[in-house]
Amino acid sequence: MAIQTNTRIVLAARPQGRPKPSDFRIETVDIVEPGEGELLLQILYLSLDPYMRGRMNAARSYAKPVEVDSVMEGGTVARVIKSRHTGFAQGDIVLSHSGWQGFALSDGVGLRKLDPATAPVTTALGVLGMPGFTAYAGLLTIGKPKPGETVVVAAASGAVGSAVGQIARIKGARAVGIAGGAEKCAFVRRELGFDAVVDHRDDDFAAQLKAACPDGIDIYFENVGGPVWDAVFPLLNDFARVPVCGLIAQYNVVAEAGVDRLPALMQQVLHRSLTIRGFIQREFADQRPAFYRDMAGWIASGRVRYREDIVDGLEIAPQAFMGLLEGRNFGKLIVRVAA
Ligand code: NAP
């Protein structure tokens, strides 16, 4: 029997602070048949990423917000189940940006065919996809690691951070990870091969970080902000580079007036000749072919390892996403939407 309905998750309300279950709504709608030049996709895997928290806000950002009552956006791996497009055939597996739903129409624009024989298709959402590319481009283009330098990265067991530390080591630098909890720290040190790891939940975290970086910090790849940044900042060496990739510790914080720390920050930017440079990965899109080549080679040779945290069922996506913002994921968070 033909599938006739699509289950999708829409933004029900804009969260104030932490998202809650009532900010999401599950809906069932009819599937629309593809027109000329269109495809019908069945979503197999949905990527859950920290940036989605920003899309839930109305505020101006680097990308348009998701409108209330619209499908939550997100990267997906999908199977073409009907094609009226000359470039795609039924059965093709593609990387798409179809959002939190079971089925989607596409005109083919922005789709990338995946070859399941080359790599597990989920890696197109993680180590061989946007997060892996973010690590590659941000670290190499802005961080510019040199042999012997100390590179520190937080959220070190996650999709971006795990790649940052391993690429830093490939470039001859010393990698120090920051992660939450003993299990993640053990994974970062033993499985990913970082030179040292520190648990940001420990009471003496700042002292442990200082001990783990006896020569100071040359590159801090900023993924989290908040108290982790406070501990890192005094350890930055002259001419340190700080690629500002993400600030996940701040995504749920509602801004309040407080002590103005900007003058002190700017003083140190001057005195220590710091480079603090924000970026959004798509800025470096021309580096993607080099990334696919290098990262595929590093995975094949065992120099880069990765971990995926795959949860089952679209309806679990809101809960899993809320957990991501609190560190409950362990590795690249992916929802298996269909077998
Ligand atoms: P991830 O590391 O797989 O998962 C998020 C991790 O952040 C959690 O597991 C948790 O790890 C950590 N975390 C959450 N809340 C925290 C807090 N309050 N304090 C400290 N750590 C906290 O996520 P990801 O996809 O790799 O993303 C990492 C960062 O990169 C995010 O900030 C994201 O927005 C950013 N990003 C930026 C770009 C770009 O183009 N600029 C692209 C992709 C991602 P622990 O439990 O270990 O603390």
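Model, not experiment: these values are computed from the prediction. Heads up: numbering here begins at 1 and tracks the sequence. Order of appearance sets the numbers: ligands from 1, and atoms from 1 within every ligand.
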Can you tell me if [X] contacts ligand 1 (heavy atom of the residue under 4.0 Å from the ligand)?
{"X": "Lys332", "result": "no"}
{"X": "Cys245", "result": "yes"}
{"X": "Gln250", "result": "no"}
{"X": "Tyr251", "result": "yes"}

Under a 4.0 Å threshold between the charged nitrogen and the carboxylate oxygen, would [Y] count as salt-bridged to [X]?
{"X": "Arg241", "Y": "Glu149", "value": "yes"}
{"X": "Arg25", "Y": "Asp69", "value": "yes"}
{"X": "Arg336", "Y": "Asp312", "value": "yes"}
{"X": "Glu38", "Y": "Lys82", "value": "no"}
{"X": "Lys332", "Y": "Asp49", "value": "yes"}
{"X": "Glu283", "Y": "Arg277", "value": "yes"}

For atom 30 (O) of ligand 1, closest protein heavy-atom neighbour: Asn223 OD1, 3.3 Å
Test your reading of the structure: does [X] have an N or O sitting under 3.5 Å from an N or O of ligand 1?
{"X": "Val160", "value": "yes"}
{"X": "Ser157", "value": "no"}
{"X": "Gln281", "value": "yes"}
{"X": "Asn329", "value": "yes"}

For [X], atoms of ligand 1 separated by under 4.0 Å from a heavy atom:
{"X": "Leu325", "value": "14 (C), 15 (N)"}
{"X": "Ala179", "value": "47 (O)"}
{"X": "Gly246", "value": "32 (O), 35 (C)"}

Enclosure of Asp238 CG (heavy-atom neighbours >12, cutoff 6.0 Å): yes
Donor-acceptor under 3.5 Å (Trp298 side chain, Ile167 main chain): no
